[in-house]
Amino acid sequence: QVQLVESGGGLVQPGGSLRLSCAASGTILSTYSTAWYRQAPGKQRELVATITSGGRTNYADSVKGRFTISRDYAKNTVYLQLISLTSEDTAVYYCNARRSLNDYWGQGTQVTVSS
């Protein structure tokens, strides 16, 4: 059974940083296109960043230059490094892994940016 488990969220002050982790079990995450999404209260879920199985990355305009998606093959984990956080980044962040008809989601991790 495939599971994605996110961690690393929390409360951070504006301008602060966090690193989110998405650890996979039951499959090899690097064979998937993996993405981070986020959903703020009252808003639709939005795509934040992706990394393909080939390692190509893409980012939403709102996070370019501030967020970095990366992968650790040995740990079967995808990360999202967040810097220069603002209140607009407050949301639940979800990890998604997709390959062909297979589509998996984690349970989410809360990021709150507040002073």
Side-chain angles (χ1 to χ4, degrees):
Q1 183 178 357
V2 175
Q3 280 193 315
L4 302 178
V5 179
E6 300 100 330
S7 62
L11 174 64
V12 62
Q13 291 187 341
S17 303
L18 284 173
R19 189 177 77 160
L20 308 182
S21 299
C22 172
S25 60
T27 192
I28 301 174
L29 194 56
S30 61
T31 64
Y32 291 73
S33 179
T34 308
W36 285 95
Y37 288 76
R38 67 185 181 185
Q39 188 165 20
K43 294 187 177 181
Q44 289 189 327
R45 190 172 296 190
E46 64 170 344
L47 178 63
V48 174
T50 59
I51 183 166
T52 68
S53 57
R56 188 170 66 249
T57 59
N58 200 13
Y59 299 91
D61 287 343
S62 59
V63 307
K64 277 181 182 176
R66 299 188 302 120
F67 292 8
T68 304
I69 190 169
S70 62
R71 184 165 57 208
D72 186 320
Y73 291 91
K75 295 183 178 179
N76 205 25
T77 298
V78 168
Y79 301 99
L80 186 68
Q81 179 72 47
L82 295 68
I83 66 170
S84 303
L85 287 162
T86 74
S87 58
E88 296 295 309
D89 298 313
T90 294
V92 178
Y93 285 70
Y94 297 91
C95 179
N96 170 258
R98 189 170 299 169
R99 186 183 70 194
S100 184
L101 299 179
N102 298 309
D103 190 11
Y104 303 105
W105 291 87
Q107 82 289 350
T109 185
Q110 175 70 47
V111 172
T112 302
V113 184
S114 175
S115 56

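The residues of the chain are indexed from 1 along the displayed sequence.
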Task: Flag, side chain of Tyr59 to backbone of Ile69, donor-acceptor distance under 3.5 Å - done: yes

Task: Nearest-0.5 Å distance that lies between atom CH2 in Trp105 and atom CZ in Arg98 - done: 6.5 Å

Task: Heavy-atom closest pair, residues Gln110 and Ala91 - done: NE2-O, 3.4 Å

Task: Separation between CZ of Arg45 and CZ of Arg38, rounded to the nearest 0.5 Å - done: 13.0 Å

Task: Candidates Val48, Thr52, Leu47, Thr50 - the one meeting side-chain contact (heavy atoms from CB on, under 4.5 Å) with Asn58 - done: Thr50

Task: Atom pair OG/CG of Ser53 and Leu29 - distance to nearest 0.5 Å - done: 10.5 Å

Open item on the list: If hydrophobic clusters are built from ILVMFWY residues whose side chains come within less than 4.5 Å, do Tyr37 and Leu85 share one?
Closed with: no

Task: Separation of Ser17 OG from Leu82 CG (nearest 0.5 Å) - done: 8.0 Å

TODO: Could you state whether Val111 and Val78 fall into the same hydrophobic cluster, counting links through intermediate Ile, Leu, Val, Met, Phe, Trp or Tyr residues with side-chain heavy atoms under 4.5 angstrom apart?
DONE: yes

- [ ] Over all heavy atoms of both residues, which pair between Thr86 and Arg66 is shortest? Give the atoms and the distance, please.
- [x] N-NH1, 4.3 Å

- [ ] Would you check if there is a donor-acceptor pair between the side chains of Arg71 and Ser30 at a distance under 3.5 Å?
- [x] no

Open item on the list: In this structure, would Trp36 and Val113 fall into the same cluster of hydrophobic residues linked by side-chain contacts under 4.5 Å?
Closed with: yes

TODO: Answer yes or no: is there a donor N or O on one side and an acceptor on the other, between the side chain of Asp72 and the main chain of Thr77, under 3.5 Å?
DONE: no

- [ ] Return the minimal non-hydrogen interatomic distance between Gln39 and Lys43, and the atom names on each side.
- [x] NE2-O, 3.1 Å

Task: Side-chain donor or acceptor of Asn96 paired with backbone N/O of Ala35 under 3.5 Å - done: no

- [ ] Would you indicate whether Gln107, at its atom CD, is surrounded by more than 12 heavy atoms from other residues, nucleotides or ligands within a distance under 6.0 Å?
- [x] yes

Task: Path from Val2 to Ile51 over hydrophobic side-chain contacts below 4.5 Å - done: yes

Task: For Pro14 against Ser115, the heavy-atom pair lying closest together - done: CD-N, 3.7 Å

Open item on the list: Angle between ring planes, Phe67 versus Tyr93, binned at 30° and 60°: parallel, tilted or perpendicular?
Closed with: tilted

Task: Considering all heavy atoms, the nearest Asn102-Tyr32 contact - done: CB-CE2, 4.3 Å

Task: Single-linkage hydrophobic cluster Val92~Leu80, side-chain heavy atoms < 4.5 angstrom - done: no

Task: Nearest atoms (heavy-atom pairs only) where Cys95 meets Glu6 - done: N-OE2, 2.7 Å

